[in-house]
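For the single chain, residues carry numbers from 1 onward in sequence order. None of the values given here were measured: they were computed from a predicted structure. These values consider heavy atoms only, across backbone and side chains, with no hydrogens, waters or symmetry-generated copies.
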Amino acid sequence: MPPRFDLIVSDIDGCLQPESNDAMDLESLARVARWNALAVERRDRPIVTVCSGRPQPFAEAMCKLIGNLHVPCICENGVWLYHPGTNEYAMDPAISIGDREAVREAAAWLESTFGPRGVSQQPGKSASVSLFHRDTSVLRAIEPRIAEECEHRGWPLRVSMTWLYINCDLKHISKATGMRRLMADLGLRQERLAGIGDTMSDLAILENVGWFACPSNAAGPLQTRAHYVAREPEARGVVEILDQLAGSARSITAG
Ligand SMILES: [Mg+2]
């Protein structure tokens, strides 16, 4: 029977790897890699790629770990489409030189204003800034101030809070624009895509796929929108979702 979907797009943090600083679940990732190997060999199931706010090198490493060398991934919340097989990096052409100047200006202001308070910037970002502090209450306290400064300076940035970071992303770039570029690049229609995510920013995945699933740790409001919620969390949940897609009669990821 031909597969129902052509591609599965999964978030990374809180899905393929723990949101916490725990080690990766290599056993589950090996199962995802096995799934991808069979997807290539038998062409009977959709390959799994990633869509993440993480910088390109991390998404590249995750693709190599799960054996996706065949389909681009989305990184830095839509800034990049990166093809792990051909090593082609494609920044969204909607990002102008002026946009990148604004990001650099904002990064310099953020560093001088909050750096002395121990707020660091995640390395490896090209057209966005992610701020980290080991005490997330510090981040929560400064988020409104940052949004206000972006507004005041005319920096075209959307300021949002994840579990552990403040993300400052270009307003016209998101996981959703990345999803649309990916679909255009591969000539795929939305109804032929499946998605996996765990936080509200993954609504951008949900709204651009035909079927969406969550691991058990996903945010409640996202779970209510999902077609399937796994009993297991994080990478074990992803494996359960793949099994669900394959049909309960045959556990494709087993063994
Ligand atoms: Mg996540």
Side-chain angles (χ1 to χ4, degrees), residues 7 9-17 48-64 66 68-69 71-111 120-132 139 143 146-147 150 153-186 188 193 195-209:
L7 184 65
V9 182
S10 178
D11 175 47
I12 296 179
D13 290 287
C15 294
L16 286 166
Q17 79 141 6
V48 180
T49 188
V50 303
C51 174
S52 174
R54 290 280 191 156
Q56 178 276 334
F58 192 89
E60 174 181 349
M62 184 55 78
C63 282
K64 297 223 164 133
I66 63 170
N68 168 32
L69 303 178
V71 178
C73 63
I74 298 162
C75 13
E76 201 179 331
N77 279 330
V79 169
W80 296 103
L81 277 193
Y82 171 71
H83 196 305
T86 63
N87 202 37
E88 288 168 290
Y89 312 85
M91 184 177 281
D92 192 319
I95 298 173
S96 68
I97 290 171
D99 289 335
R100 297 189 70 190
E101 278 170 7
V103 171
R104 282 193 291 271
E105 263 183 49
W109 176 78
L110 289 162
E111 188 179 346
S120 55
Q121 300 186 14
Q122 187 179 37
K125 298 247 170 163
S126 306
S128 65
V129 184
S130 290
L131 301 171
F132 179 80
L139 297 178
E143 186 198 0
I146 294 169
C150 289
R153 302 269 198 124
W155 293 327
L157 295 172
R158 174 181 69 246
V159 179
S160 63
M161 187 86 205
T162 69
W163 293 118
L164 299 176
Y165 288 89
I166 294 174
N167 282 344
C168 306
D169 298 294
L170 288 166
K171 283 181 179 171
H172 62 299
I173 303 298
S174 65
K175 283 186 175 179
T177 58
M179 290 292 292
R180 291 196 283 274
R181 285 180 71 213
L182 182 66
M183 276 186 267
D185 194 67
L186 295 172
L188 296 179
L193 263 59
I196 300 171
D198 71 312
T199 62
M200 296 316 282
S201 70
D202 297 322
L203 278 176
I205 299 177
L206 183 151
E207 287 166 355
N208 285 284
V209 296

Nearest non-hydrogen partners of Gln121 and Ala107, listed with the distance = NE2-O, 2.9 Å
Min side-chain heavy-atom separation Asp13-Thr162 under 4.5 Å | no
If we only count heavy atoms from C-beta on, is the Val103 to Val129 side-chain gap below 4.5 Å?
-> yes
Is any side-chain heavy atom of Val50 less than 4.5 Å from a side-chain heavy atom of Asp11?
-> no
More than 12 heavy atoms of other groups within 6.0 Å of Gln122 CD | yes
Can you name the closest pair of heavy atoms from Asp169 and Ser128 and give their distance?
-> OD1-CB, 3.6 Å
Nearest-0.5 Å distance that lies between atom CG in Leu7 and atom CG in Asn68 = 8.0 Å
Are Glu101 and Ser96 close enough, and set up right, to give a side chain to side chain contact (heavy atoms under 4.5 Å, CB included), and what steps lead you there?
-> CA-CA 9 Å; Glu101 278 170 7; Ser96 68; over 6 Å; no
Shortest non-hydrogen contact from Ile205 toward Gly195 | CG2-CA, 3.8 Å
Are the side chain of Lys125 and the backbone of Gly53 linked by a donor-acceptor contact shorter than 3.5 Å?
-> yes
Hey, what do you get for SG (Cys73) to CD (Glu60), rounding to the nearest 0.5 Å?
-> 8.0 Å
The reported gap from CD in Glu76 to CG in Asn167 (rounded to nearest 0.5 angstrom) is 9.5 Å
Euclidean distance, Leu69 CG relative to Cys63 SG, rounded to 0.5 Å = 8.0 Å
For side chain to side chain contact (heavy atoms under 4.5 Å, CB included), just list the numbers for Leu81 and Leu182, CA-CA rounded to whole Å, side-chain angles, deciding distance to a tenth of an Å, and then say yes or no.
-> CA-CA 7 Å; Leu81 277 193; Leu182 182 66; 4.2 Å; yes
For Asp198 and Gly14 the tightest heavy-atom approach is OD2-CA, 3.5 Å
For the residue pair Cys75 and Pro55, what are the closest heavy atoms and their distance?
-> CB-C, 4.2 Å
Can you tell me how far the SG atom of Cys150 sits from the CZ atom of Arg158, to the nearest 0.5 Å?
-> 11.5 Å
Hey, does His83 have a side-chain heavy atom less than 4.5 Å from the side chain of Asp185?
-> no
Starting at CG of Leu139, measure out to CD of Glu143 and round the result to the nearest 0.5 Å.
-> 9.0 Å
Pro72 vs Thr49 side-chain heavy atoms within contact, under 4.5 Å | no
May I ask you to test the His172-Pro156 pair for a side-chain heavy-atom distance under 4.5 Å?
-> no
Keeping the roles fixed (side chain from Arg181, backbone from Ala90), state whether a donor-acceptor pair exists under 3.5 Å.
-> yes
Side chain to side chain, Ile166 and Val159, heavy atoms closer than 4.5 Å = yes
Flag, side chain of Gln56 to backbone of Tyr82, donor-acceptor distance under 3.5 Å | no
Any idea how Trp80 and Tyr89 line up, ring-wise: parallel (<30°), tilted (30 to 60°), or perpendicular (>60°)?
-> perpendicular
Nearest heavy-atom pair of Cys51 and Met179: which atoms, and what distance?
-> SG-SD, 4.4 Å
Any side-chain heavy atom of Leu131 sitting closer than 4.5 Å to one from Ile146?
-> yes
Under 3.5 Å, is there a donor-acceptor pair between the side chain of Arg180 and the main chain of Asn208?
-> no
